Amino acid sequence: MTTRKKNPIWAFFASVKLALFLLFILAATSIIGTVIQQNQPAAQYVKEYGEKTAHLFQTLELTDMYNSWWFLSLLGIFSLNLIVCSLERIPNVIRLVRKDNLTIKPERLAKMRIRKTLTLPLPLEQSVQRVADYLHGKGWKTTERQKDDGILLFAQRGAWTRFGVYIVHLSILVILIGAVIGSPTFARKVLHNEKFAFKGSIMIPESQETNFIYSFTNGKKIDLGFTVHCSYFTIDYYANGMPKTYLSKVTILENGKPVPLKDGSTVHDLKVNKPLTYKGITFYQSSYQPYSDFLTVLVNTKTHEKQSRIIAGGKQIKSKMQPISFGIINQEVRGEAVQRVKIWFSDDQADPAIFWVNNGQKAIIKRPAGEYELTVKQLYATGLQVTKDPGVWFVYIGCGMMLLGLFVAFFMSHRKIYAFIREEAGQTTLIFAGSAHKNKVGFEKVFSKLIDEFQKQMV
Amino acid sequence: MNSSQLFGITTLCYLLSAIFYVALLVFKNKKVGTIGLGFAIIGVVIQTVAIGLRWQESYQMGIGHAPLTNMYESLVFFAWCTTLFYIFMEFKFKARVVGAFVMPFAVAAMAYASFAKRISQQINPLIPALQSNWLLAHVITCFIGYGAFAVAGGLGLMYLLKKSGIKKGKHQDSFTGSLPELKVIDDLTHKTIIFGFMWLSAGIITGAVWANEAWGTYWSWDPKETWSIITWFIYASTLHARFTRGWSGSRIAWLAILGFISVFFTYFGVNFLLSGLHSYGAS
Ligand code: HEM
C-alpha cells in the first residue's frame with residue numbers, strides 16, 4: 001500500500017478530484033454533439049458553418065465526436081480512474097467488514113452518540129443471557145467477550161452494504177465492457193471479424209429473400225449464414241390517417257428449408273417493437289418501400305390450382321392457367337400507396353371482366369367455365385434493420401447491478417449494536433450503544449425502539 | 001365533466017396552493033400553510049381522477065393507451081409527480097414553507113400544458129414506435145426523477161435565499177425567518193437528490209432497453225439521450241462532491257439548481273431549442 005501510494009501515476013488515478021473533474025468534462029463536452037449535428041456529409045458542414053470552421057470540426061472530429069479519439073480517451077481515463085480509485089479503497093472496506101468489533105474499550109461506548117443505559121435486578125450471567133436472547137429474537141445475532149469488569153456483546157447487520165458503492169462502480173465498467181464487445185468498430189478493427197458484431201440493414205421485396213445485409217459502417221455486404229424470406233408487408237392506418245402497424249411476414253430458411261422458431265411456426269410477424277432474433281442476429285422492422293409493380297395471386301377455386309406472379313401496372317399477361325390472361329388497366333393512388341386497381345380479366349369465353357378492386361383484397365370472378373379468386377396487391381419491400389450485439393447482455397447485467405448497487409449505497413447501511421454488561425452490588429448495569437455508517441437519524445429511531453421494548457419486557 | 005375540465009380545476013387548485021404557501025412565507029401564519037397544503041391535496045386528487053378519466057376517454061375513442069405519450073400528457077404527469085412528491089415530503093419532514101418553492105413548478109407545468117399554442121391537448125393514437133410497455137416504464141421512472149429534481153431545485157433556491165437573508169442581517173423579522181434551518185434544508189436537498197438520482201438512472205436504463213427493443217441500439221447519442229446523461233453526470237458529481245469532498249450548503253444548493261436547469265433542458269430545450277437542427281423536434 002505504502003509503495004503504491006508513492007507512485008505518482010497511481011495517486012493521480014486514485015484521486016476523487018480527478019473523478020469530479022472528469023464527470024464535469026464529460027458533461028460539458030457531451031453538449032457539443034447535441035449542438036453540432038453528428039455524422040452529416042462533409043459538404044453539409046461547409047454549407048452551414050463555412051470552409052474554415054468545417055475544417056476545424058473535421059480536425060477535432062466534432063462531426064462524430066462520441067466516437068472521436070479524444071472522447072473515447074476521456075472514457076478510458078474515466079474507467080481507469082474508477083478502477084484505481086475503487087481498488088485503492090476496497091482493502092479498507094474489507095478490513096472494516098472483517099473487523100473484530102469486540103476489541104473496543106467499554107469506556108468508548110459511553111461516548112458514542114447513540115446510546116442508552118439501563119439497570120436490571122439480575123445477576124450478570126442472566127442479564128447477558130436475556131440481552132443475547134432478546135437481540136437474537138430481533139434478528140441481531142450477538143457475539144460476546146469477557147472484559148476486565150464485565151461482558152461485552154456485539155451484533156451487526158448489513159456489513160456487506162459497504163460494498164454497495166463498489167457494485168455501482170463495477171456496474172459502470174460492466175456496461176462499458178458490454179459496449180466495447182458489441183461495437184462493430186471493435187469487431188472490425190480489433191477482432192478482424194466483422195461477423196462478431198454488426199449493424200446494418202436490408203430491403204427485401206415481398207416474395208423475395210436474402211442471405212446478406214449491408215453494413216452501416218462501410219456499406220459492405222455481411223453474410224448472414226442463413227436466408228430470410230419476406231412473403232408479405234402491410235401498413236395499417238388509424239381512422240385519422242396515422243400509421244398504426246407496419247407488419248412484415250418473414251421466414252428463416254436454412255438450406256432452403258423453413259426453420260420453426262420459438263412459437264413453433266415458420267412464418268413470423270415482424271413489427272416495430274417486436275423484433276425477431278435468430279442465432280444472435282436480430283431483425284427490426286424499420287422502413288419500407290412501395291413499388292409500381294404488383295404481386296398477384298390467382299386461384300382456381302375448383303381445381304385449387306394456384307399461381308403467384310409479379311406484374312407491372314398497365315401490362316397484360318398470359319397466365320400459366322390456360323387460357324387466362326389478365327392485367328391492371330388503371331389504378332387509384334394516394335401518395336405512393338395504391339388504393340384500388342382496375343382489373344381486366346379474360347378466359348377467352350364471353351366478354352372479358354373489367355372491375356375495380358381494393359388493393360390486396362380478394363376478388364371472386366365467376367365465369368361460365370369456372371370460378372377464380374384473384375388478389376392484386378401493390379408490391380412493397382420491407383426495410384429491416386439487422387444487428388448482432390453480443391455485448392448487450394453485459395450492458396443489461398451492468399444496468400441491473402447499477403440499480404441494485406445504488407439502492408444498497410443509498411438506502412442501506414452497516415449498523416452495529418454494542419451492549420456492555422457489568423455487575424454492581426447484586427444488580428447489573430447495561431450500556432447499549434449503536435452506530436450506523438449512513439442514515440444515522442433513521443438508525444437512532446430503530447435503536448431507541450429496540451432498547452425501549454427490551455426495557456418494557458424486563459419490568 | 002371531462003378530463004380537460006378537471007385538469008383546469010387542478011391548475012386552479014395548484015395556483016391557490018402556491019399563493020397560500022407564498023402567503024405563509026410572508027405572514028408566517030400556520031393556518032395559511034394548512035390551506036396551501038389542503039389545496040395541493042385536493043388538486044392532486046382531482047388530477048388523479050382526471051388522468052384516469054383521460055385514460056378511459058382514450059379507450060372510448062378506440063385507441064386506448066395510458067396518458068403518458070406526448071408533451072401535454074407528460075407535463076401534466078410532471079406536475080402530478082412533483083406535487084405528490086412534495087406532499088409526501090411535507091408529511092414526512094414537516095417542512096411546510098418548502099411549498100412556496102415547489103408548487104409554482106406544478107402551476108407552471110399545468111399552465112404551460114394548457115395554454116401554450118405549440119402543445120396539443122388532443123388524445124392521439126400511438127404510432128408504431130410508441131406501442132411498447134417500455135414506454136410506460138420509461139416515462140414513469142423519468143418523471144418521478146424529474147419531480148424530485150424540481151423539488152431539489154426549489155430547496156436549493158430556498159437555501160440561497162435564506163442564506164443571503166441571514167447575511168443581510170434580516171434574521172427573524174423578515175420572511176427568511178420562516179424558512180427551515182439551513183441545516184435542515186441542506187439535508188432535505190441531499191435526500192431529494194439521492195431519490196431523484198435513483199429514478200433518473202432507472203429512467204435512462206428503461207429508455208435504453210426500449211430503444212434496443214425498438215431499433216436494436218440501446219444508445220445512439222441523440223440529443224435527448226445525451227442531455228439525459230449530462231444531467232446524470234451533473235448529479236453524480238454533486239453526490240460525489242458531497243460525500244467524498246464534504247461539500248454542503250451553498251455549493252450543493254447551486255448544484256441542485258444547475259441540475260434542475262439541465263433536467264429542464266433535457267425535457268424542453270432539446271425539443272424546442274435544438275429542434276431547428278434536429279428533425280425529431282416535436283413530440
Ligand atoms: C458516473 C459515475 C459514477 C457513479 C454513478 C458513482 C456512484 C457512486 C455512489 C452511488 C457512491 C456512494 C454514495 C454514498 O456513499 O452515499 C459513490 C461513492 C464513491 N465514488 Fe463514485 N460513482 C461514479 C464515478 C466515480 C469515479 C470515476 C470515482 C473515481 C475516483 C468514484 C469514486 C468514489 C468514491 C471514492 C466514493 C466514496 C466511497 C466511500 O464511501 O468511501 N466514483 N459513487
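Letters go in sequence order (proteins before strands), and every chain restarts at 1. The structure displayed is predicted, hence computed values, not measured ones. Computation of the quantities below employed the complete heavy-atom set of this structure, encompassing side-chain atoms and omitting hydrogens, waters and symmetry-equivalent molecules.
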d(B/Ile127 CD1, A/Thr245 OG1) to nearest 0.5 Å is 12.0 Å
is_close_aromatic(A/Phe71, B/Trp221), centroid dist under 6.0 Å
yes
Would you give the length of the straight line joining atom NZ of A/Lys438 to atom CD1 of B/Ile194, rounded to the nearest 0.5 angstrom?
8.0 Å
Around atom CZ of A/Phe394, are there more than 12 heavy atoms of other residues, nucleotides or ligands at under 6.0 Å?
no
Nearest heavy-atom neighbours spanning A/Leu406 and B/Ser201
CD1-OG, 3.4 Å
Between A/Lys271 and chain B, which part of the residue has a heavy atom less than 4.5 Å away: side chain, backbone, both or neither?
neither
Give me the atom names and distance for the closest heavy-atom approach of A/Asn240 to B/Pro125.
ND2-CD, 3.7 Å
If you take all heavy atoms of B/Glu213 and A/Tyr284, which pair is closest and at what distance?
O-CE2, 3.4 Å
Considering non-hydrogen atoms only, spot the tightest contact between B/Thr226 and A/Tyr66 and give its length.
CG2-OH, 3.2 Å
What part of B/Asn212 gets within 4.5 angstrom of chain A, counting heavy atoms only: side chain, backbone, both, or neither?
both
Strictly less than 4.5 Å between heavy atoms, which residues of residues 128-150 of chain B line up against chain A? Please order them by number.
B/Pro128, B/Ala129, B/Leu130, B/Gln131, B/Ser132
Is A/Ser30 close to chain B through its backbone or its side chain, or both, or neither, when contacts mean heavy atoms under 4.5 Å?
both
Tell me if the CH2 atom of A/Trp70 is crowded by more than 12 foreign heavy atoms within 6.0 Å.
yes
Which pair of non-hydrogen atoms, one from A/Thr34 and one from B/Pro223, has the smallest distance, and what is that distance?
CG2-CA, 3.9 Å
Any chance CH2 of B/Trp219 has more than 12 other-residue heavy atoms, nucleotides or ligands included, within less than 6.0 Å?
yes
Hey, is the main chain of B/Leu126 close enough, under 3.5 Å, to the side chain of A/Tyr238 for a donor-acceptor pair?
yes
Do B/Leu239 and A/Phe410 have side chains that approach each other closer than 4.5 Å (heavy atoms only, starting at C-beta)?
yes
Under the criterion side chain to side chain contact (heavy atoms under 4.5 Å, CB included), which of A/Leu26, A/Ile31, A/Thr29 is the partner of B/Ile230?
A/Ile31
Counterpart residues, side chain to side chain contact (heavy atoms under 4.5 Å, CB included), relative to A/Asn39 (two or more places apart):
A/Asp64
More than 12 heavy atoms of other groups within 6.0 Å of B/Trp227 CH2
yes
Within a 6.0 Å radius of atom CZ on B/Phe268, are there more than 12 heavy atoms belonging to other residues, nucleotides or ligands?
yes
Over 12 foreign heavy atoms within 6.0 Å of CD, B/Glu181
no
Under 4.5 Å from any heavy atom of chain B, what part of A/Phe283 do you find: side chain, backbone, both or neither?
neither
Other residues, nucleotides, ligands: >12 heavy atoms within 6.0 Å of B/Lys94 NZ
yes
Heavy-atom pair count under 4.5 Å with chain B, highest-scoring of A/Thr387, A/Asp389, A/Val272, A/Asn273:
A/Asn273
Hey, what do you get for CG (A/Leu23) to CH2 (B/Trp232), rounding to the nearest 0.5 Å?
8.0 Å
Most contact-rich option vs chain B, by heavy-atom pairs under 4.5 angstrom, among A/Gln285, A/Met242, A/Lys274, is A/Met242
Is the count of non-hydrogen atoms from other residues, nucleotides or ligands lying under 6.0 Å from B/Phe264 atom CZ greater than 12?
no
If you count heavy-atom pairs under 4.5 Å with chain B, which of A/Val386, A/Val395, A/Asp236, A/Ile175 comes out on top?
A/Val395
On the 0 to 90° scale, with breaks at 30° and 60°, tag the B/His240-A/His169 ring pair as parallel, tilted or perpendicular.
parallel
Which bit of A/Ala179 is near chain B, if near means a heavy-atom gap under 4.5 Å: side chain, backbone, both or neither?
both
